[in-house]
Amino acid sequence: MTPAARPSPYTPELRATARHLGRRRFLSTAAAAAALAFTVNLPAAGAAAAAELDPAQLTDDPFTLGVASGDPLPGSVLLWTRLAPAPYQADGGLPAERVTVHWELARDETFRRPVRRGTTLAHPEFGHSAHVQVDGLDDDRVYYYRFKAGTWISRTGRTRTAPAPGADASALTLGVVSCQRYDQGYFTAYKHLAEDDVDVVLHLGDYLYEYAVSGVGGARAYPAGTVPAVYGHEMVTLDDYRLKYALYKSDPDLLAAHAAHPFVVTWDDHETENNYAGAVSENDDPAEEFLIRRAAAYRAYWENQPLRRPQLPDGPDLRLYRRLHWGRLAQFDVLDTRQYRSDQAYGDGWQFPGPESEDPARTLTGDAQERWLIDGWRHSHALWNVVPQQVTFARRHDSTAVPARVSMDSWDGYPASRTRILAGAEATGVENLMVLTGDVHVHYGFDIKRDFADPASKTLGTEIVTSSISSGGNGSAKPANWAAYLAANPHLKFYNGLRGYATVTLGRDLARADFKTIPYVTTQGAPLTTAASFVTEAGDQGLKPA
């Protein structure tokens with residue numbers, strides 16, 4: 001169907017309210033909050049005062065979606081779970097009542113050395129999710145945690161706090177992941193990551209995909225009807241998004257990775273809709289309709305991720321960009337390149353650059369986030385300045401022809417925005433810049449050049465692009481465009497098209513990137529291989545084979 005012919009999933013009253021309130025802040029008044037119950041920032045007074053669920057009603061395991069932790073800070077951890085004894089039902093199998101959830105934190109996985117314990121309420125307005133912030137802990141220490149509801153006890157999770165501000169941390173190992181499309185393969189890479197020796201996992205977007213999933217689970221080829229029929233359409237409403245998170249979080253390998261390591265998450269497009277740009281949908285739907293959808297997607301994202309209170313959404317807005325530190329070793333400036341960007345030039349896709357894409361007014365980050373990033377560099381005392389974000393930052397020509405085409409969805413479609421960022425990095429004296437990227441379902445290793453047209457120009461940093469967990473199917477070590485890309489982009493030092501993840505170890509003298517791959521995802525049990533390893537030295541940027 002064309003956008004005009006597609007029936008709206010929203011009531012006329014809701015669309016009228018959204019249209020009346022405008023494009024960006026259409027849910028900022030009490031009337032709109034009443035129209036969209038899921039956009040209020042706290043449970044309504046009536047719901048908060050409603051009767052609590054009798055624990056005896058929890059006759060089935062409510063912890064089917066696992067446990068997680070995120071955004072480690074000095075002396076503080078954020079713990080997450082979501083109650084869903086029937087995960088493939090819109091209400092998770094729970095009535096619209098609050099549930100008391102007990103939590104416990106210990107120094108050991110047997111919980112013989114407890115540190116903190118308490119209770120929190122899982123409200124139906126938040127999909128019965130629980131976000132528990134535990135403060136007053138030791139810095140730079142591993143902890144174990146679990147939840148209890150009724151007679152049920154969750155699996156045990158492992159998390160950690162960050163070093164104290166100013167601490168001279170000697171090393172940090174990151175797992176870097178992105179793009180996990182359920183119906184295109186198994187999440188085997190997460191099984192290996194759960195067993196890997198990393199301190200923190202950075203998820204760079206496309207945690208799920210909005211598309212329909214067939215009853216056989218697509219490439220997973222389950223027996224017919226294994227995936228419930230409720231997943232047979234694209235996500236649009238809050239219930240749709242909640243259900244899709246439940247499907248993804250039913251994957252045992254993803255559950256294991258979350259339990260094993262704290263995650264730092266940021267989204268890309270598919271958590272909402274493919275290649276959306278700000279308030280502009282892929283199919284140019286009316287803004288008032290798309291922003292209702294965006295509000296639902298953002299709400300479900302917060303409910304299902306280990307995010308802290310500042311990331312609680314306000315209608316169609318959620319401030320996801322944020323800054324984390326690992327002592328004096330590393331500063332992490334986590335970006336959001338979807339919510340504030342200009343619409344893609346020339347109708348999106350791979351196009352020849354021109355006046356539209358090169359307009360100096362175009363932005364990928366929005367002005368406020370751009371200033372925040374550069375100001376953060378100005379005050380950084382970290383040895384490594386790391387930017388976890390979504391789309392390819394380095395220039396990427398598709399051939400040696402002049403001109404060559406570039407991706408309008410990546411930073412190549414916003415070259416003025418990239419130029420301002422790199423000028424800010426130089427002006428603030430950031431020497432050890434590392435950009436971490438997902439999105440493209442391949443491993444890349446780039447040198448970031450002051451002038452990508454001149455291979456001899458100064459190298460300002462490096463970019464590590466991780467392949468997908470499963471998106472794109474099995475892939476290949478040398479895709480069809482492998483030789484063309486290496487010839488067209490001399491700053492491209494590595495390219496591999498198999499699925500997997502990357503690890504990055506930051507040290508006092510150098511950083512090491514290991515590109516890890518698995519040979520297939522359409523069946524289970526694939527082994528893990530380190531396809532290549534590179535280092536970049538502190539004070540002397542540029543990728544060199546390890």
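Residue indices begin at 1 and follow the sequence shown. Atoms considered below: every heavy atom in the structure, side chains included; atoms not considered: hydrogens, waters and symmetry mates.
- Using a distance-only test at 3.5 Å, with no hydrogens or angles considered, a donor-acceptor pair links the side chain of Asn304 to the main chain of Ala300.
- At a threshold of 4.0 Å, the pair Asp333-Arg323 counts as salt-bridged, since one of the basic side-chain nitrogens sits closer than that to a carboxylate oxygen.
- Thr462 approaches Gln541 most closely through the heavy-atom pair N-OE1, 3.9 Å.
- Note: Tyr340 and Tyr321 have perpendicular aromatic rings, judged against thresholds of 30 and 60 degrees for the angle between ring planes.
- Looking at Glu210 and Arg293, their side chains come closer than 4.5 Å, going by heavy atoms from C-beta outward.
- Looking only at atom types and distance, the side chain of Ser69 has a donor-acceptor partner in the side chain of Thr159 under 3.5 Å away.
- Looking only at distances, no side-chain donor or acceptor of His325 sits under 3.5 Å from a matching main-chain atom of Ala164.
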Given Gln184 and Ser470, is the side-chain hydrogen bond (donor to acceptor under 3.5 Å, both in side chains) satisfied, shown in steps? CA-CA 6 Å; Gln184 291 190 336; Ser470 65; over 6 Å; no
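- The distance between the ring centers of Trp267 and Tyr301 falls below 6.0 angstrom.
- A salt bridge does not link Arg242 to Asp91: none of the charged side-chain nitrogens sits closer than 4.0 Å to a carboxylate oxygen.
- Taking the six-membered ring for Trp and thresholds of 30 and 60 degrees, His203 and Tyr190 have nearly parallel ring planes, at less than 30 degrees apart.
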Carefully, step by step, assess Tyr182 and Tyr209 under the rule ring-ring contact (aromatic ring centres under 6.0 Å, His included). CA-CA 8 Å; Tyr182 184 92; Tyr209 284 69; over 10 Å; no
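- For Arg371, there are no salt bridge (Lys or Arg N to Asp or Glu O under 4.0 Å) partners, not counting sequence neighbours.
- A salt bridge is absent between Asp135 and Arg116: the closest approach of a Lys/Arg side-chain nitrogen to an acidic carboxylate oxygen does not fall below 4.0 angstrom.
- Side chain of Ser471 to main chain of Cys179: a donor-acceptor pair is present (N/O by atom type, distance under 3.5 Å, no hydrogens or angles).
- In this pair, Tyr444 and Phe446 present their aromatic rings tilted. The plane angle is within the 30 to 60° band.
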Criterion side-chain contact (heavy atoms from CB on, under 4.5 Å) on Val200 and Phe332, from CA distance to verdict: CA-CA 12 Å; Val200 179; Phe332 296 89; over 6 Å; no
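- A side-chain donor-acceptor contact under 3.5 Å links Arg420 to the backbone of Pro360.
- Contact check for Val115 versus Leu137: side-chain heavy atoms found under the 4.5 Å cut-off.
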Under the salt bridge (charged side-chain N to carboxylate O under 4.0 Å, His left out) criterion, do Arg450 and Glu426 qualify, and how do the steps go? CA-CA 9 Å; Arg450 174 187 288 159; Glu426 286 206 89; 2.6 Å; yes
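- Note that NE2 of His123 is 7.0 Å distant from CZ of Arg98, once rounded to the nearest 0.5 Å.
- The backbone N or O of Ala212 sits nowhere less than 3.5 Å from a side-chain atom of Glu234 that would complete a donor-acceptor pair.
- A distance below 6.0 Å separates the ring centres of His258 and Phe263.
- Nearest heavy atoms, Glu463 versus Gln389: OE2-NE2, 4.2 Å.
- Counting only distance, with no hydrogens or angles, the side chain of Arg362 and the backbone of Asp343 share a donor-acceptor pair below 3.5 Å.
- Looking only at atom types and distance, the side chain of Gln133 has a donor-acceptor partner in the side chain of Arg308 under 3.5 Å away.
- Taking the six-membered ring wherever Trp is involved, the centroid distance between the rings of His270 and Tyr207 does not fall below 6.0 Å.
- Residues Thr466 and Ser178 are in side-chain contact: their nearest non-hydrogen atoms beyond the backbone lie under 4.5 Å apart.
- Leu312 places a side-chain heavy atom less than 4.5 Å from the side chain of Phe126.
- Closest non-hydrogen pair, Leu320 versus Arg322, comes out as O-NH1, 2.8 Å.
- Checked for salt-bridge contact, Arg82 and Glu303 miss the test: no charged N lies under 4.0 Å from a carboxylate O.
- Side-chain atoms of Gln390 and Thr266 include a donor-acceptor pair closer than 3.5 Å.
- Here the OH atom belonging to Tyr245 is positioned 12.5 Å from the CG atom belonging to Leu247, to the nearest 0.5 angstrom.
- Interatomic distance, NZ of Lys249 versus CG of Leu254, reported as 6.0 Å (0.5 Å rounding).
- Side-chain contact between Thr392 and Trp411 is absent, with no heavy atoms from C-beta onward closer than 4.5 Å.
- Taking the six-membered ring where tryptophan is involved, the planes of Tyr145 and Phe147 are perpendicular, since the angle between them exceeds 60° and thus also 30°.
- Residues Pro313 and Arg299 come closest through the heavy atom pair CG-CA, 3.9 Å.
- Across all non-hydrogen atoms, the minimal contact from Pro72 to Leu324 is O-CD2, 4.4 Å.
- Separating the OG atom in Ser380 from the CG atom in Asp375 is a distance of 12.5 Å, to the nearest 0.5 Å.
- Not a single donor-acceptor pair under 3.5 Å links the side chain of Asp412 to the backbone N or O of Val406.
- When each of Leu204, Asp439, Asp269 is tested with Val391 by the rule side-chain contact (heavy atoms from CB on, under 4.5 Å), just one qualifies, namely Asp439.
- To the nearest 0.5 angstrom, Asn275 atom CG is 4.0 Å from Asp409 atom CG.
- Note that the CG atom of Asn385 and the NE2 atom of His381 stand 11.0 Å from one another [nearest 0.5 Å].
- For Tyr143 and Arg160, the side-chain atoms include no donor-acceptor pair closer than 3.5 Å.
- Between Asp268 and Arg338, at least one side-chain N (NZ, or NE/NH1/NH2) sits under 4.0 Å from a carboxylate O, which counts as a salt bridge.
- A donor-acceptor pair shorter than 3.5 Å cannot be found between the side chains of Thr100 and Thr119.
- Using a 4.5 Å cut-off on side-chain heavy atoms (C-beta onward), Thr428 and Ile374 make contact.
- Annotation for Gln305 and His131: closest pair O-NE2, 3.1 Å, computed over non-hydrogen atoms.
- Between Tyr241 and Val236, every side-chain heavy-atom pair lies at or beyond the 4.5 Å cut-off.
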